[in-house]
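What follows is a set of notes on a single structure, which appears directly below.
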Amino acid sequence: MRRSFGTVSLPGFMKLWSQYFIPTLKESPADAEIASHKLLIRAGLVRKLGGGLYTYLPLGHRVMQKLTQICREEMERGGAIELLMPLVHPAENWQQGPRWAAAREIMFRADSAGDGKRAPREPEFVLGPTHEEVITPLVRAEITSYRDLPKNFFQIGTKFRNEIRPRFGLMRAREFVMMDAYSFDQNDDGAIKSYFAMKAAYEAFFRRVGVTAIAVEADTGVMGGSFSHEFMVPAEIGDDDVIYNEESGYAANREKATSALVPADLKDAPPDGAVEKFATPGVVTIAALEAAPFGVPADQQFKTLVYLGDGKPFIVILRGCDELEEAKLGALGFGVFRPATPEEIEPVLGARPGSLGAVKGTMRNPGALAGVFADQAIRLIGNGVTGANEDGFHLRRVNVVRDLAITRFGDFRRVRPGEPDPKSGAPLKVRRGIEVGHIFKLGTKYSEVFGAAYMDDQKQNHPMVMGCYGIGISRTLQAVIEQGHDQDGIVWPWAVAPYQVLVCVLDPQLPEAMTLARALAEAAEAAGADVLVDDRAERPGVKFKDADLVGFPLRLTIGGKGLKEGIIELKWRGQKDVAKVPVAEAPARVAAAVREAQAKA
RNA sequence: CGGGGUGUAGCUUAGCCUGGUAGAGCGCCUGGUUUGGGACCAGGAGGUCGCGAGUUCGAAUCUCGCCGCCCCGACCA
């Protein structure tokens with residue numbers, strides 16, 4: 001972009017800024033809100049094509065390649081085998097799979113005829129958000145013997161998700177780069193082994209990248225499966241809440257988090273007299289029942305919610321003071337569920353929301369219910385108040401054990417900070433995090449549907465036990481920046497910096513300056529660093545600002561003044577102090593610095 | 001999908017309320033002076049004011065519709 005002095009010709013190869021492409025910006029584009037998003041653009045790493053769609057410019061692409069390579073190495077070290085599957089999937093694969101209903105609306109549809117004119121007979125395609133529906137049929141066809149198990153396949157490539165709301169640059173994009181892996185084992189023990197091998201590989205990956213990511217217990221969501229960890233980079237702008245206590249080591253995603261609010265040895269309260277109906281005209285909220293003249297504290301009320309699970313209504317009971325953690329309803333096993341509308345509720349219970357209850361004998365059509373699921377914490381109420389299933393009336397002295405038509409108890413409430421940690425009883429805390437990786441022990445959900453089975457040494461067939469694993473590579477790129485920046489720009493960890501060493505030549509018109517630059521670049525490269533030489537005919541201030549903005553870990557400054565004194569300068573991006581090094585010693589010092597940084601990284 | 005905002009030069013934006021020649025800074029081009037933390041002077045190029053209708057003698061400005069983008073929520077394999 002900026003011209004170089006054409007007078008100095010250089011023998012051999014040296015990466016020159018003047019001939020490269022790093023479009024830095026002084027000002028942040030208006031549509032970037034958070035630091036990492038602004039820096040991605042200002043430092044010339046990416047440019048936006050459309051909402052959630054980004055071009056990786058040369059520098060951004062280099063970082064992606066480094067992330068990808070580290071990921072590949074750690075996955076292979078963890079025993080996984082790389083392959084590459086298509087991005088375009090026949091819709092048939094998904095229709096046969098277990099989650100078409102839940103997944104279809106966030107999937108891109110690809111039309112083979114173009115222009116939306118696909119004839120009804122022609123095949124339909126989707127863009128793959130993930131690849132269980134492709135890998136499982138493949139393994140079914142290719143692997144039939146226990147001798148070929150276990151296997152763990154991974155790939156690194158582009159994924160598409162029709163995110164409802166893309167945001168924060170690469171943080172939640174429609175098109176993004178992801179590593180996804182799928183393990184196949186003979187049994188649960190093997191699957192657990194594979195799972196923890198991946199957990200270890202993830203930990204190694206994030207450590208090598210130089211980003212702090214913590215593993216937290218997570219909800220399995222639409223994926224199904226039995227247990228799961230998310231890898232979270234702590235950051236204020238993260239989308240997810242992590243509930244944790246550092247002393248006990250407990251850490252869980254908000255959707256999964258539980259607390260020891262209900263003591264394990266809690267004895268249920270005996271009934272406190274007969275159930276009594278009382279008039280509550282116009283009272284349809286917890287707060288209104290809490291107020292005068294009724295004065296029933298929220299933690300003495302039963303909150304009765306009605307949902308529709310796969311078309312059938314079911315009830316969830318919580319304490320009046322608690323919130324439902326909707327994701328926890330996933331444990332009930334419904335394919336899809338949603339809150340029921342008042343119109344759907346009335347025929348079943350006999351009243352509108354605000355007067356609902358699950359007291360035996362008060363529901364109009366209990367046979368229509370798929371179940372009544374009660375949060376554990378209502379046992380703390382013992383005897384409380386709930387709706388009478390008659391608009392304008394409530395019931396008091398309702399006893400949990402005696403009166404409520406509970407199918408089963410579970411954990412459905414949202415945990416609040418300050419509640420006792422389930423491990424140690426210490427108070428729980430909350431912080432925000434960016435989800436950069438996720439591992440699931442899937443079980444046999446997919447292998448059963450797709451018939452991925454193997455024969456054991458007793459000639460018996462069994463479904464393979466699967467696991468699946470994902471790392472958001474492009475999201476990790478941004479998380480690294482979110483975690484590593486200051487007022488001046490990015491502060492790259494050594495391992496993923498686009499170039500680790502910048503040779504900043506302040507007077508590139510001086511042949512001796514460029515000759516020295518070349519010697520230093522060669523020394524740094526020989527020691528194992530990627531080196532860029534800033535030979536632009538810019539003022540020093542511009543070059544320093546750009547160097548800080550882009551965030552090269554090590555900056556070597558060669559200037560006319562320094563040359564007269566016989567010194568160059570060596571400065572680490574993360575540190576304030578500048579070391580003056582005699583020219584004669586410079587190549588050796590630079591090589592030593594590079595080796596040291598590499599050893600630490 | 002609901003709520004809020006916004007769209008003017010490559011980027012950041014003023015002008016819009018109260019209709020009448022489209023302005024600035026950065027960046028870019030030319031020349032000169034500068035040269036260790038985003039220099040200065042002079043000159044210059046660059047705009048279908050998101051798109052489409054309407055109101056009006058006249059629309060960046062008012063009205064309606066559409067689209068894009070951003071934020072909050074819902075959602076997030």
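Values below: all heavy atoms of this structure, side chains included; hydrogens, waters and symmetry mates excluded. Lettering follows sequence order; numbering is per chain, from 1. Computed from a predicted model, the values in this text were never measured in an experiment.
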message: Please classify the nucleic acid contact of A:P29 as base, sugar-phosphate, or nothing, using heavy-atom distances under 4.0 Å.
response: sugar-phosphate
task: Kindly determine whether A:R536 and A:D546 satisfy salt bridge (Lys or Arg N to Asp or Glu O under 4.0 Å), including the steps that lead there.
output: CA-CA 11 Å; A:R536 293 173 302 165; A:D546 272 348; 3.0 Å; yes
query: Contact class for A:R254 (heavy atom, under 4.0 Å): base, sugar-phosphate, or nothing?
result: nothing
message: Tell me if the side-chain of A:R165 makes a donor-acceptor pair with the base of B:C75, cut-off 3.5 Å, by modelled atom types.
response: no
task: Assign each of A:G50 and A:E435 to its nearest nucleotide of RNA chain B by heavy atoms, then name whichever residue's nucleotide is nearer the 5' end.
output: A:G50
- prompt: Considering only the C1' atoms, how many Å lie between B:C62 and B:G43, rounded to the nearest integer?
  reply: 40 Å
task: Using the C1' atom as the reference point in each nucleotide, state the distance between B:G27 and B:A39 in Å, no decimals.
output: 15 Å
message: By nearest atom, which of the nucleotides B:G37, B:C72, B:U34 is closest to the A:F544 side chain?
response: B:G37
- prompt: Taking the C1' atom of each, how far is B:C72 from B:U48, in whole Å?
  reply: 34 Å
message: Applying the Watson-Crick and G-U wobble criteria at under 3.5 Å, what pairs with B:A59? Answer none if nothing qualifies.
response: none
query: So what does A:G470 touch, heavy atoms closer than 4.0 Å: a base, only the sugar-phosphate, or nothing?
result: nothing
query: Between B:G5 and B:C64, how far is it from one P atom to the other, in whole Å?
result: 14 Å
message: Would you call the rings of A:Y446 and A:F450 parallel, tilted or perpendicular, taking 30° and 60° as the class edges?
response: parallel
- request: Determine the contact category for A:G51: base if any of its heavy atoms lies under 4.0 Å from a base atom, sugar-phosphate if only primed atoms, P, OP1 or OP2 are that close, otherwise nothing.
  value: sugar-phosphate
field: P gap between B:C17 and B:U61, integer Å
entry: 9 Å
- request: Identify the nucleotide, in any strand shown, that forms a Watson-Crick or G-U wobble pair with B:G7, with both distances under 3.5 Å; if there is none, say none.
  value: B:C67
message: Nearest whole Å is fine: how far is B:C72 P from A:M171 CE?
response: 12 Å
- line: Taken to the nearest whole Å, CD/A:E175 to P/B:C76 is 22 Å
message: For a quick check, tell me whether the side chain of A:E538 and the base of B:G38 share a donor-acceptor pair closer than 3.5 Å.
response: no
message: Heavy atoms only, 4.0 Å cut-off, all strands: where does A:E326 land among base, sugar-phosphate and nothing?
response: sugar-phosphate
- request: Sticking with atom C1', work out how far B:G52 lies from B:A59, rounded to a whole angstrom.
  value: 14 Å
message: Heavy atoms only, 4.0 Å cut-off, all strands: where does A:R161 land among base, sugar-phosphate and nothing?
response: sugar-phosphate
message: With a 4.5 Å cut-off on side-chain heavy atoms, are A:Q96 and A:V449 touching?
response: no
message: Classify A:D240 by what it touches in the nucleic acid, base, sugar-phosphate, or nothing, heavy-atom distance under 4.0 Å.
response: nothing
Separation of atom CD in A:E230 from atom P in B:C76, rounded to whole Å: 12 Å
- prompt: Rounded to whole angstroms, how far apart are NZ on A:K545 and P on B:G37?
  reply: 10 Å
task: Walk me through it: do A:D241 and A:R431 pass the test salt bridge (Lys or Arg N to Asp or Glu O under 4.0 Å)?
output: CA-CA 6 Å; A:D241 282 333; A:R431 74 192 297 186; over 6 Å; no
- request: Report yes if at least one side-chain N or O of A:K561 is closer than 4.0 Å to OP1 or OP2 of B:G36; otherwise report no.
  value: yes
- prompt: Do the side-chain N or O atoms of A:K26 get closer than 4.0 angstrom to the phosphate oxygens (OP1, OP2) of B:G27?
  reply: yes
message: Suppose you measure atom P in B:C66 against the same atom in B:A74; what distance do you get, rounded to whole Å?
response: 26 Å
- request: Using only side-chain N and O atoms of A:R172, determine if any of them is under 4.0 Å from OP1 or OP2 of B:C76.
  value: no
task: Would you mind reading off the distance between A:D546 atom CG and B:G37 atom P, rounded to a whole angstrom?
output: 15 Å
- line: Taking for A:D31 and for A:P129 the nucleotide of RNA chain B with the nearest heavy atom, the one nearer the 5' end belongs to A:D31
Mind listing the side-chain donor-acceptor pairs of residues 48-59 of chain A below 3.5 Å, one per line with the distance, residues two or more places apart or on another chain?
{"unit_1": "A:K48", "atom_1": "NZ", "unit_2": "A:D31", "atom_2": "OD2", "d": "2.4"}

message: Please classify the nucleic acid contact of A:K543 as base, sugar-phosphate, or nothing, using heavy-atom distances under 4.0 Å.
response: nothing
base_contact_polar (B:G73 base, A:R167 side chain, donor-acceptor, <3.5 Å): no
- prompt: Just how far, in rounded Å, is P of B:C71 from NE2 of A:H37?
  reply: 8 Å
query: Going from CG on A:L570 to CZ on A:R589, what distance comes out if it is rounded to the nearest 0.5 angstrom?
result: 6.5 Å
query: Counting any heavy atom closer than 4.0 Å, what does A:Y469 reach on the DNA or RNA strands: base, sugar-phosphate only, or nothing?
result: nothing
query: Roughly how many Å is it from CD in A:Q509 to P in B:G36, rounded to a whole number?
result: 12 Å
query: Between A:F334 and A:F314, what is the ring plane arrangement, given parallel below 30°, perpendicular above 60°, and tilted in between?
result: parallel
field: Presence of donor-acceptor pair under 3.5 Å, side chain of A:R42 and base of B:G38
entry: yes
- prompt: What nucleotide among B:G25, B:A39, B:G37 has an atom nearest to a side-chain atom of A:E27?
  reply: B:G25
- line: Between CD1 of A:I34 and P of B:C70 the distance, given in whole Å, is 12 Å
Distance, P atom - from B:U8 to B:A60, rounded to whole angstrom: 15 Å
query: At what distance, to the nearest 0.5 angstrom, does CE of A:M75 lie from CZ of A:F205?
result: 10.0 Å
